[in-house]
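Counting convention: from 1, in listed order, for ligands and their atoms alike. All of these numbers come straight from a predicted model, not from anything done at the bench.
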Amino acid sequence: HPQRLTATILSRQGDVRQSYDYVIVGGGTAGLTVADRLTEDGKTTVLVIEHGPLSDSSDISTIDGGFFGMGSPFFYNIDSVPQVHLNNRTTPVRIGDVVGGGSAVNAMMTIRGTVEDYDRWGSFFGGKNPAWTFKGLLPYFKRAVNFVPPAVAVTDASKITYDTSYWGNSSRVYAGWPSWQYPGTTAQLNAFKSFPGIEFPTDSGAGETGVYWYPTFMDPVTVTRSYAKTGHYGGINRSNYHLITESKVTKILLCGTTATGVSFTAVNGSSNVTVVKADKEVILSAGGIHSPQLLQLSGIGPRKILAAANITTRVDLPGVGQNFQDHPMLYATWTYKNFSIHPSPEDRYTNATFAAWADTAFAVNKTGPLAIATGNAGAWLPFSVVSPRAAALSAALQSQNHTSVLPPDTHHSVAAGYAAQMASLATALLSTKTSFYNMALTGGETNGLIVNLHPLSRGTVNIDPVDPHGKEPVVDYRALSNPLDVSVISDIYRFARRYHTENPLTAAWGAVEELPGANVTTDEQWREYIAEAISPSLFHPAGTCAMLPRELGGVVDEELRVYGVGRLRVVDASVFPTLPGANTCQTVYAVAEKAAEMIRAGGSGGSGEREKEGVCEGGE
Ligand SMILES: Cc1cc2nc3c(=O)[nH]c(=O)nc-3n(C[C@H](O)[C@H](O)[C@H](O)COP(=O)(O)OP(=O)(O)OC[C@H]3O[C@@H](n4cnc5c(N)ncnc54)[C@H](O)[C@@H]3O)c2cc1C
C-alpha cells in the first residue's frame, strides 16, 4: 500500500477556494474518514482544515510498545482544572495535534464495545431506530477497518482465535497482527478460567464481554501504524479533496441559524482571517475537547456560559460542552517473583541476547517483540461477574439523587439526560453483557493497569470566560464527582487482587502487590488511594456534543445534525452519548463511516432555518 502524500495539500491560506460543498473542521480520525468518503465520487468538493502539521515522523509510524509518539510534539498543551475529588490535582489532557488526530498518536488497540453499549445509544431515542444499535453499526465497523488475520504460526503458538464474520476487508485502515507473541500472554489469559462467569469470545469484534485477543491498527505488510492519514488521505489523488494544515478554525459562520462556512487563521505567522463557504454543510470533527469549544465560540451553547464570555447566543443549546466523559485509569502493579515463562517483555531490558534477537527479528523480518504495540489480549469484564456488591451498587445508583452529583447550575434537560444514562447503567451493573473492567495483559512479570469502562461521573468542557478566543477551553473531568465511581473502581480492584493472588493458575508466579499494597483494604483506604492515584483520562474524551434527544440535553440528533442549526453536523467522539466499554478509535471510525453515508444521502440536511432577516457572518 503506497503511502504517497499525493492528495492536494494547500500550503497557504490563499490557495483555498472561496467555497466547497463541504468544509470539515479537523483532519483527525473522523474528519479524514468523512472527507475521503465524500470525495470518492471525484466530484464533491471538500476542504479539511487541520490545526496540526502533516508529518511522516517515525514517532507516529513506529509500532513498538504502542506509545512511541507519547513524547512527541503532536499533542495539544492543555491541563485540566484542579480536580476537587483528586486532592486538587490537575491532569494533562492528551489529544492529538497532527493530521490524523488521535489515530496518529494512540496506542493502536483495535477494540469495539459490546452489543449493549451501542444498543444503549439507540435506547435514549426510544429504541425504535435500528440505526444506533450494535446490529445497525456492524456494517460500518466492517467498512471502517480491514481485518488481516494473524499468521498461522502465531495463532497456533499462542492459541489466538478470531472470526472474520465481524470484520470487513475493504478499508485502507488496517487491523493487523504481529506475527509473534510473548508466550506468557496466553497463560495470563487462561488464568481467568479460574473464575466463574467469565466468557472467552472467539473474536474481539463480537460485541461480547470476556477475555479475548484483539488486533492492532497496523499495516501488516509494512508493520507501521495504520491510521486516518494513511487510510483516508495518503495515496489519494483527487483534485476535489483539499487539506490545509497548521490552520485554526476560529468560528462557524452563521446566516440566521444556518451554517454557511467557517473562518480560520494560520497557527503560526499571519493573523489574517480567511473565510471559506460551505455550499452544502459544515462538518465539525474537532474532537471531544474542541468541537464543543467551537460551537460555543460560534454562539451555539448554554446561554449562561456564552453570556459570561460575552458571546451573543445564536442558538441556546444547554448540552454543548456538558456530559463530558473519559475512561479513568489506575496504575495497579503486581510483580511476579517466580514468573517462569520466557521470553517476557522485561527480558528486553535484562537479557542482552534476547534484546539483540528482538532487534534483528524486526530489522530482517518485521517480526518479534518490536512488532507488538501495547499487546493483543485483555479482559473486558462485567461488573456483576467481578463484584459481589453489584445488586447493592445498582440499587444505590437507581435511587441516587442524580442532580446532586452534577454541577449546581446544570440545565434541567442535561440533568434529565444524565438520569436516563444512570438508569441504563444501573441495569448494566447487573448485566453480564456490559464490560466495566478492563485489564490489558502484558505477557510479562509486571501486570495491572486497570480501566473503568463506564464512569458515572460527568464533567464539562467550556470556553474560558476570561479569554474565550485566545485560550484553550476549561476542561473539568469532575472525576469521582459521583461517589459511586469509587465503589465501582475499588471493587474492580479487589477482583484484580483476587486474579493475581487467589488463583491456582497464577499461584506459582508469586505475585506481589506493589501498588497500592495489600494493606489497602477498607473503603476509606481505597477512596484515599484512588483519589491520589487515578488518572481521569485514558485519552478518550467524549460526550460533549451528545447524540441525545434535545429534551435530554442532546446537541445532535440521530443524523448528527446540530439542533436548531441548519447545515451543521458534528462527527467525532463528542457525539457519543455514553462511552462504549472499549478504547474509542474503532467506534469513531464506524460513526464517521455511518455519518458519511447519511451526509451523502441527506442532501443539505439540518434543522435550522435560513432566516432572511437574520445576521449573516462573513458576508453572504
Ligand atoms: C495517547 C492516546 C492513546 C490512545 N489509545 C487508543 C487506543 O489504543 N485505541 C483506541 O481505540 N483509541 C485510543 N485513543 C483514542 C482515539 O484515538 C480517539 O478517541 C480518536 O482518535 C478520536 O477521534 P476524533 O475524530 O474524535 O478526534 P481527533 O482524532 O482528535 O481529531 C480532531 C482533530 O481536530 C483538530 N482540531 C481541533 N480543533 C481545531 C480547530 N479549531 N481548527 C482546526 N483543527 C482543529 C485536531 O488537531 C485533531 O486533529 C487514544 C488517544 C490518545 C490521545
Side-chain angles (χ1 to χ4, degrees), residues 23-34 47-54 66-72 74-76 78 92-113 145 175 204 214-218 225 227-229 232 243-252 262-267 283-295 297-298 326-327 329 373-375 378 438 440 451 469 472-473 537-545 570-576 579-580 582-592 595:
V23 173
I24 299 181
V25 181
T29 314
L32 292 182
T33 305
V34 174
L47 172 68
V48 179
I49 306 172
E50 166 54 38
H51 186 276
L54 186 69
F67 277 111
F68 221 81
M70 215 45 179
S72 73
F74 306 122
F75 287 91
Y76 286 86
I78 307 176
V93 179
R94 305 288 276 166
I95 46 171
D97 185 11
V98 63
V99 172
S103 72
V105 293
N106 70 21
M108 295 171 266
M109 293 173 69
T110 313
I111 313 284
R112 64 182 78 150
V145 188
S204 69
Y214 62 87
T216 302
F217 284 118
M218 173 174 101
R225 177 188 296 270
Y227 68 113
K229 190 194 84 175
H232 293 299
L243 167 70
I244 182 155
T245 60
E246 297 176 69
S247 298
K248 178 182 179 177
V249 173
T250 50
K251 204 171 182 190
I252 297 151
V262 305
S263 59
F264 65 95
T265 60
V267 170
I283 296 157
L284 188 50
S285 298
I289 302 295
H290 289 112
S291 283
Q293 179 204 25
L294 269 167
L295 287 178
L297 287 177
S298 311
D326 201 328
H327 288 129
M329 69 167 163
T374 45
N438 171 225
V451 182
H469 297 283
E472 289 288 0
S537 169
L538 188 63
F539 328 116
H540 301 159
T544 45
C545 301
V570 184
V571 184
D572 58 29
S574 66
V575 304
F576 299 178
L579 279 166
N583 308 59
T584 39
C585 202
Q586 203 188 149
T587 304
V588 171
Y589 280 123
V591 167

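Distance check, rounded to the nearest 0.5 Å: NZ of Lys248 to CD1 of Ile49 gives 13.5 Å. Taken from CG in Leu47 to OG in Ser247, the straight-line distance is 8.5 Å, to the nearest 0.5 Å. Note: Met109 CE to Thr584 OG1 = 10.5 Å, rounded to the nearest 0.5 Å. Taken to the nearest 0.5 Å, the OG1 atom of Thr544 stands 11.0 Å off from the NE2 atom of His290.
Every atom of ligand 1 is numbered from 1 in the order shown, and the set under 4.0 Å from a heavy atom of His290 is 37 (C), 38 (N). Every atom of ligand 1 is numbered from 1 in the order shown, and the set under 4.0 Å from a heavy atom of Met70 is 1 (C). Atoms of ligand 1 lying under 4.0 Å from any heavy atom of Arg94, numbered from 1 in the order shown and given with element: 53 (C). Residue contact check: Ala30 has heavy atoms under 4.0 Å from atoms 25 (O) of ligand 1. Residue contact check: Lys248 has heavy atoms under 4.0 Å from atoms 41 (N), 42 (N) of ligand 1. Residue Ser247 approaches ligand 1 through these ligand atoms, each under 4.0 Å from one of its heavy atoms: 42 (N), 43 (C). Ligand-side atoms of ligand 1 in range of Val98: 49 (O), range being under 4.0 angstrom from any heavy atom. Residue Gly287 approaches ligand 1 through these ligand atoms, each under 4.0 Å from one of its heavy atoms: 26 (O), 27 (O), 32 (C).
For Leu538, no nitrogen or oxygen atom sits less than 3.5 Å from a nitrogen or oxygen atom of ligand 1, counting backbone and side chain alike. Checked by distance only, ligand 1 and Glu50 come closer than 3.5 Å through their nitrogen or oxygen atoms. Ligand 1 has an N or O atom lying under 3.5 Å from an N or O atom of Thr584, backbone or side chain.
Nearest to atom 32 (C) of ligand 1 by heavy atom, out of Ala104, Ser285, Gly102, is Ser285.
Heavy atoms of Met108 found under 4.0 angstrom from ligand 1 belong exclusively to the backbone. In Ala373, neither the side chain nor the backbone holds a heavy atom less than 4.0 Å from any atom of ligand 1. With a heavy-atom cut-off of 4.0 Å, Thr110 does not touch ligand 1 at all. If you look at Leu294 next to ligand 1, the close heavy atoms, those under 4.0 Å, all belong to the side chain. Residue contacts with ligand 1, taken as heavy atom pairs separated by less than 4.0 Å, involve Cys585 via backbone and side-chain atoms alike. Looking at Val588 against ligand 1, only its side chain comes within 4.0 Å, counting heavy atoms.
If you check which protein heavy atom lies closest to atom 20 (C) of ligand 1, you get Thr29 OG1, 3.6 Å. The single protein non-hydrogen atom nearest to atom 5 (N) of ligand 1 is Ala107 N, 3.0 Å, given as residue, atom name and distance. Nearest protein heavy-atom contact of atom 44 (N) of ligand 1 is His51 N, 3.1 Å. Protein heavy atom in closest approach to atom 17 (O) of ligand 1: Asn106 ND2, 3.0 Å. Taking atom 26 (O) of ligand 1 as the reference point, the nearest protein heavy-atom neighbour is Ala573 N, 2.9 Å. Nearest protein neighbour of atom 36 (N) of ligand 1, counting heavy atoms only, is Tyr76 OH, 3.4 Å. With respect to atom 41 (N) of ligand 1, the closest heavy atom belonging to the protein is Val249 O, 3.1 Å. Distance from atom 10 (C) of ligand 1 to its nearest protein heavy atom, with residue and atom name: Asn583 CB, 3.2 Å.
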Exercise for the section: List the steps, then state whether side-chain contact (heavy atoms from CB on, under 4.5 Å) holds for Met108 with Met218. Expected result: CA-CA 7 Å; Met108 295 171 266; Met218 173 174 101; 5.6 Å; no

Practice task
Test side-chain contact (heavy atoms from CB on, under 4.5 Å) on Leu297 and Lys251 and set out the steps.
Solution key: CA-CA 6 Å; Leu297 287 177; Lys251 204 171 182 190; 5.5 Å; no

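Proximity of Gly96 to ligand 1 is established by a heavy-atom distance of less than 4.0 Å. The closest approach between a heavy atom of Asp97 and any atom of ligand 1 is below 4.0 Å.
Closest non-hydrogen pair, Gly28 versus Ala228, comes out as O-CB, 3.8 Å. Closest approach of Ala373 to Ala107, counting heavy atoms only: CB-O, 3.8 Å. A pairwise comparison of heavy atoms in Leu538 and Met329 identifies CD1-SD, 3.3 Å as the closest pair. For Ile289 against Pro541, the heavy-atom pair with the smallest separation is CD1-CB, 3.9 Å. The two residues Val591 and Val571 make their nearest non-hydrogen contact at O-CG1, 4.4 Å.
Within the 4.5 Å cutoff, the side chain of Leu295 has heavy atoms near those of the Ile252 side chain.
The aromatic rings of His51 and Tyr76 are tilted relative to each other, their planes meeting at an angle between 30° and 60°. Using cut-offs of 30° and 60° for the angle between ring planes, the Tyr589 and His232 rings count as tilted.
Ser72 meets the side-chain contact (heavy atoms from CB on, under 4.5 Å) test with Asp59, Phe74, Phe75; sequence neighbours excluded. For Ser537, the side chain to side chain donor-acceptor pair (under 3.5 Å) partners are Asp326, not counting sequence neighbours.
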